[in-house]
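Residue numbering restarts at 1 for every chain, and letters A, B, ... go by the order of the sequence lines.
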Amino acid sequence: MSFALTLPDGSKKEFESAVTVSELASSISTSLAKNAVAGKVDGEVKPLDFSLAEDHEVAILTNKDAEGLSVLRATVAFVLEAIVKEKYPEIKLGQAEISENGFFIETDKEDQIKVTELPELEKALQKAVKNGQAIEHVQVAKSELADAFKDDPYKQELLANYGETVDAYKLGDFVDFGFDALLPNTGKIKKFKLLSVAGAYWKGKSSNPMLQRIFGTAFFKEADLEADLKRRAEIKERDHRTIGRDLDLFFVDPKVGAGLPYWMPKGATIRRIIERYIVDKEVAAGYQHVYTPVLMNLDAYKTSGHWAHYREDMFPPMDMGEGEWLELRPMNCPSHIQIYKHHIRSYRELPIRIAELGMMHRYEKSGALSGLQRVREMTLNDGHTFVALDQVQEEFARTLKIIMDVYHDFNINDYYFRLSYRDPKNTDKYFANDEMWERSQSMLKAAMDDMGLDYVEAEGEAAFYGPKLDIQTKTALGNDETMSTIQLDFMLPERFELTYVGADGEEHRPVMIHRGIVGTMERFIAYLTEIYKGAFPTWLAPVQAEIIPVNLDAHSDYAKKVRDELIAKGFRAEIDFRNEKLGYKIRESQTQKVPYTLVLGDDEMNAGTVNVRPYGTEEQNSESLDEFMDKLSKDVASYSRED
RNA sequence: GCUGACUUAGCUCAGUUGGCAGAGCACUUCACUAGUAAUGAAGGGGUCGGAGGUUCGAAUCCUCUAGUCAGCACCA
């Protein structure tokens, strides 16, 4: 009985009798055997003692593989569980999990573990791994594990998903299960750090009790750990809240309202440019821009279903007396529907594209608020297209193309597509009409497949009125967030009884496509701030040229002349009139990340030139003002992109 | 909203056991009149998030409350 193992390079190795992953590694090379941490068998991560006895595709995972790192982290999490269990025998353990940036374990005990205890736990962990104890990989009867965890309801619950025999690992008296693979010995654990503690609902459900997560990270090499800790420290420098304050872009003052941002002149400038850009873009794409009221009769939101499905995210309605209630709008689909309904519509008009930069108010839960990323007042780049059924796919593709164009202009490259469906297990949250959900979800999927685009599918992420394509980006902290969205909606046209007159003279029901290109101005600008680290490209920079006269008395007039000429041409220029030295002002201009710093002294004044220092360089280019303005124009027109 | 930590000058932060509220930056004024990342000096600026309590005395201890931060839940 012989079998063959196919290695990643395509070569095959024949064996007569079963071999383990680590024996396979040894048969290839001693260095591989030394660095092996687990195996990947037909795409699944398996431990080193996993026995191979038939044809498989096998890769040896080492300390260089991301999955190898996950095995290390799982092992550290396992040892940490053993330590807290030893220290607090009464503690209950939840799930141990591995993430991109580290791992966590879940614990539950009366007196919660404090952040201040982390160094102590870290020491205990260090001690435990110092001499390299063996971790035993065993097959255990489910009943035996049930017994071991008889006082631990969380582990019991996890255990329920397993068969009669469970893959488990033992370290001394401690036993646990649920790992793809662990290292056979704690000796390889060298570099780790416990980072924080935080609450998290058991199994991610807010109706469940809250457990306490202990977060940590681990690496094979000290340099990697240090680089990671450094990266964590540097996150703050990219955080839009830090940059927003340092560059004086915006503020949120809890005393005047949590989640209600104030845009300072510089932030407002960036916002104004983006708003003009997006309106121009949309008009060019056939949208008709409108303005609609911030307040709306509550009845409209009852008809739309917002009041039934979205009430807890809405501000309380205002009682106007005599049975009239007004509501601060959380979304403006009903407003654009009013615009559609204002005239009788013909099939010849479709698609009808209505867009607006509209201010919305949503009563976000206090714990959700975060800088400009989550606010209670936001300006939505909202648009609704009304199409005939057979136009849906083309309009969808067209909308996505606009979004991609915009991303290209802003140099946004790090994102992914998510098809967001309703949660089939919790349909109460959504409009009840199974057929419409099936239909719209499959239409979205078909449209994406036709375009050949990759996407992930996520159940439970849909809007209450329909499924959507979300475009997901990451914040500086690494959290996922929705930036753009395209949503199919068969519901609201039904609810508001929208019609158009077809070629047959009969009334037909249009389909609505809701879409946000830059989503909200708040979140979009927060995102841009983070990806640009505050160094906005010239076309967006609040100040494009900072003018510094070498001597206030001698050069101020020339500086004003240069500034006025720049402003007259539509550029944004400022003079630093403060009574400070040149070096001081240069420094300020650089820390404020102004694209071009102009130094004007005798040389420039006499020659009628400007001395230009581009941001982030130490260049000093002397050029005529016309040359500089020409360069500036090109920079702005190209969105500061090379391609 | 939930768990935990935190809240002191515009910003970043000290403040010991409960005993006269501080520093740097920023701001104002004065001097210096500057050539590419911080000139020097002086000055102004605080109900120590808010309310209550303990105490001879509270930034410090206790209770409540608001907010911020991290995570969870929710979400653009």
Side-chain angles (χ1 to χ4, degrees), chain A residues 104 106 108 112-116 195-215 235-236 239 241-242 245-246 248 251-259 310 312-313 330-331 360 362-375 378-382 420 429 460-461 463 468 470-473 477 479-485 487 514 516 518-524 526-527 548-555 578-592 597-604 611-613 616-620:
Chain A
F104 63 79
E106 291 181 333
D108 185 18
Q112 299 199 349
I113 291 172
K114 296 193 199 77
V115 204
T116 50
L195 297 163
S196 60
V197 294
Y201 298 110
W202 169 236
K203 287 192 158 175
K205 268 188 138 166
S206 56
S207 52
N208 283 340
M210 185 160 264
L211 307 189
Q212 194 190 19
R213 284 186 182 170
I214 301 176
F215 290 87
I235 280 174
K236 212 172 174 195
D239 191 311
R241 290 168 293 192
T242 308
R245 190 192 60 234
D246 291 347
D248 207 18
F251 68 89
V252 183
D253 183 349
K255 288 191 193 72
V256 286
Y310 201 76
E312 64 176 35
D313 292 306
M331 295 180 184
M360 307 299 149
R362 298 182 188 173
Y363 190 74
E364 298 291 341
K365 306 221 170 41
S366 59
L369 300 175
S370 177
L372 289 181
Q373 268 148 4
R374 276 298 278 284
V375 293
M378 73 214 78
T379 296
L380 212 58
N381 168 222
D382 210 2
S420 298
K429 276 168 68 180
E461 295 289 348
K468 48 182 185 155
D470 290 321
I471 301 172
Q472 299 295 110
T473 55
L477 285 168
N479 298 322
D480 247 38
E481 67 182 355
T482 303
M483 187 61 63
S484 310
T485 184
Q487 310 173 353
H514 308 238
V518 302
T520 70
M521 298 316 297
E522 286 76 11
R523 181 172 289 183
F524 190 64
Y527 180 69
I548 302 176
V550 172
N551 182 307
L552 281 182
D553 291 336
H555 310 124
R578 287 177 303 175
N579 185 19
E580 292 290 351
K581 292 206 159 168
L582 183 56
Y584 179 92
K585 295 186 186 180
I586 293 279
R587 180 189 145 80
E588 182 89 346
S589 181
Q590 294 295 313
T591 56
Q592 288 291 307
T597 301
L598 308 187
V599 175
L600 305 183
D602 283 342
D603 295 349
E604 289 72 27
N611 186 286
V612 183
R613 175 172 168 155
T617 72
E618 287 178 22
E619 292 172 32
Q620 294 178 40

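- Counting to the nearest Å, the C1' atom of U36(B) and the CG atom of L600(A) are 12 Å from each other.
- Partner assigned to C2(B) is G71(B), using Watson-Crick or G-U wobble distances below 3.5 angstrom.
- Within a 6.0 Å sphere centred on OH of Y363(A), other residues, nucleotides and ligands contribute 12 heavy atoms or fewer.
- Within a 6.0 Å sphere centred on NZ of K236(A), other residues, nucleotides and ligands contribute 12 heavy atoms or fewer.
- Contact of the M331(A) side chain with the H514(A) side chain is not registered, since no non-hydrogen atoms from C-beta on lie closer than 4.5 Å.
- For K581(A) and U36(B), the shortest distance from a side-chain N or O to OP1 or OP2 is not below 4.0 Å.
- At the phosphate of C25(B), neither OP1 nor OP2 sits under 4.0 Å from any side-chain N or O atom of Y584(A).
- For A70(B), the OP1/OP2 oxygens have a side-chain nitrogen or oxygen of R241(A) closer than 4.0 Å.
- Distances shorter than 4.0 Å separate none of the side-chain N or O atoms of T591(A) from OP1 or OP2 on A37(B).
- When both distances must be under 3.5 Å, the Watson-Crick or G-U wobble mate of U12(B) is A23(B).
- Straight-line distance from the CD atom of E619(A) to the C1' atom of A37(B): 16 Å, rounded to whole Å.
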Using atom names, set out every protein N or O paired with an N or O of nucleotides 46-48 of chain B below 3.5 Å, distance rounded to 0.1 Å.
none

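- Close to G71(B), at under 4.0 Å from its OP1 or OP2, lies a side-chain N or O of N479(A).
- Between the C1' atoms of C74(B) and U3(B), the separation comes to 16 Å (whole Å).
- Taking side-chain N and O atoms only, R213(A) has no distance below 4.0 Å to OP1 or OP2 of A70(B).
- Summarising the base pairing, C64(B) is matched to G50(B) through a Watson-Crick or G-U wobble pair whose two defining distances lie under 3.5 Å.
- Contact between V252(A) and G259(A) at its shortest, heavy atoms only, is CG1-N, 3.7 Å.
- Taking 4.0 angstrom as the limit, R578(A) places a side-chain polar atom (N or O) nearer than this to OP1 or OP2 of C27(B).
- Across all strands shown, A34(B) has no partner, as no Watson-Crick or G-U wobble contact with both distances under 3.5 Å is found.
- U29(B): Watson-Crick or G-U partner is A41(B), with both key distances under 3.5 Å.
- Ion pair R613(A)/E619(A) not flagged as a salt bridge, since none of the NZ, NE, NH1 or NH2 atoms sits closer than 4.0 Å to an Asp/Glu carboxylate oxygen.
- Of the charged side-chain nitrogens involved, at least one lies within less than 4.0 Å of a carboxylate oxygen, so that E312(A) and K365(A) count as a salt-bridged pair.
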